[in-house]
Colleague: 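After the structure tokens below, expect a handful of questions from me.
Everything numeric in this text was worked out from a predicted model, so none of it was measured. Values reported hereafter were calculated over all heavy atoms of this structure, with side chains retained and with hydrogens, waters and symmetry mates removed. Counting from 1, the numbers follow the sequence of the chain as shown.
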Amino acid sequence: NIFEKDFVFFPIHQHLHWSLVILCHPSRVPMSNFLNIDDDDDAEEDLPLGELPHACLLHLDSMSGGHRTTQVCVRLREYLALEYLRWKPEAQVGKSQSGEANLLGFTKTGLESRRMKVPQQDNGCDCGLFVLSFIERFLVNLPKRLSKADIESAHKGTLPESGSLP
């Protein structure tokens with residue numbers, strides 16, 4: 001069950017290019033009250049709102065003009081909604097008020113995405129190595145939680161206090 005994990009790695013391959021998306025804290029997607037996941041960490045209740053783990057998709061692409069973050073994350077949100085329905089078939093499915101497919105809480109606002117500033121490759125063949133390096137750096141400095149402030153600072157190209165984002 002990927003919804004019980006803190007972080008899930010999605011290597012993306014399209015048009016002879018690799019990039020990486022990291023799903024952070026999927027149980028924190030706004031519809032998570034339907035997930036019925038027991039959280040043993042009572043200390044979270046004492047954290048300020050900005051420091052709570054934040055559900056998001058982080059896109060790490062070593063080639064400018066590589067994969068479009070918007071398109072990649074739309075597909076991942078669709079997959080996550082389907083995976084959730086496979087896991088919880090009793091979840092309500094229908095059309096939203098705008099007539100779009102119901103993606104439960106896996107929407108653009110419910111599960112934000114960010115294209116992270118990462119080192120860029122200077123050729124057309126090292127993208128796979130960059131993906132492996134991004135995974136390694138993330139795992140070596142694995143955070144217990146990523147706050148929204150951590151993600152915002154890494155998105156701007158500054159290292160968050162946890163030092164965990166590549």
Colleague: Hey, could you give me the NZ/SG distance between Lys108 and Cys73, rounded to the nearest 0.5 Å?
Modeller: 10.5 Å
Colleague: Are the ring centres of Phe9 and Phe138 closer than 6.0 Å?
Modeller: yes
Colleague: Side-chain contact test, heavy atoms from C-beta onward, threshold under 4.5 Å: evaluate it for Arg77 versus Leu57 and give yes or no.
Modeller: yes
Colleague: Is there a path of hydrophobic side-chain contacts, each under 4.5 Å between heavy atoms of I/L/V/M/F/W/Y residues, joining Leu139 to Leu129?
Modeller: no
Colleague: Are Phe106 and Phe3 close enough that their ring centres sit under 6.0 Å apart?
Modeller: yes
Colleague: Apply side chain to side chain contact (heavy atoms under 4.5 Å, CB included) to Glu136 and list each qualifying residue two or more places apart in sequence or on a separate chain.
Modeller: Val140
Colleague: Distance check, rounded to the nearest 0.5 Å: Tyr84 atom OH versus Asn1 atom CG?
Modeller: 9.5 Å
Colleague: Which side-chain N or O atoms in residues 58-68 pair as donor and acceptor under 3.5 Å with protein atoms at least two apart or in another chain?
Modeller:
unit_1, atom_1, unit_2, atom_2, d
His59, ND1, Thr69, OG1, 2.7
His59, NE2, Ser19, OG, 3.0
Asp61, OD1, His17, NE2, 2.6
Asp61, OD1, Met63, N, 3.0
Asp61, OD2, His67, N, 2.7
Asp61, OD2, Arg115, NH2, 3.3
Ser62, OG, Gln121, OE1, 2.5
His67, ND1, Ser19, OG, 2.7
His67, NE2, Gln14, O, 3.1
His67, NE2, His17, O, 3.3

Colleague: Side-chain contact, heavy-atom cut-off 4.5 Å: Arg75 with Tyr79?
Modeller: no
Colleague: Answer yes or no: is there a side-chain heavy-atom contact under 4.5 Å between Ile12 and Trp18?
Modeller: no
Colleague: In terms of hydrophobic clusters joined by side-chain contacts under 4.5 Å, are Leu20 and Val74 together?
Modeller: no
Colleague: Checking side chain to side chain contact (heavy atoms under 4.5 Å, CB included) against Leu23, which of Val29, Val8, Leu76 comes through?
Modeller: Val8
Colleague: Please say yes or no: joined through hydrophobic side-chain contacts below 4.5 Å, possibly via intermediate residues, are Phe134 and Leu132 part of one cluster?
Modeller: no
Colleague: Apply the test side-chain contact (heavy atoms from CB on, under 4.5 Å) to residues Gln120 and Phe130: give CA-CA distance (whole Å), side-chain angles for both, the deciding distance (0.1 Å), then the verdict.
Modeller: CA-CA 8 Å; Gln120 298 290 292; Phe130 274 80; over 6 Å; no
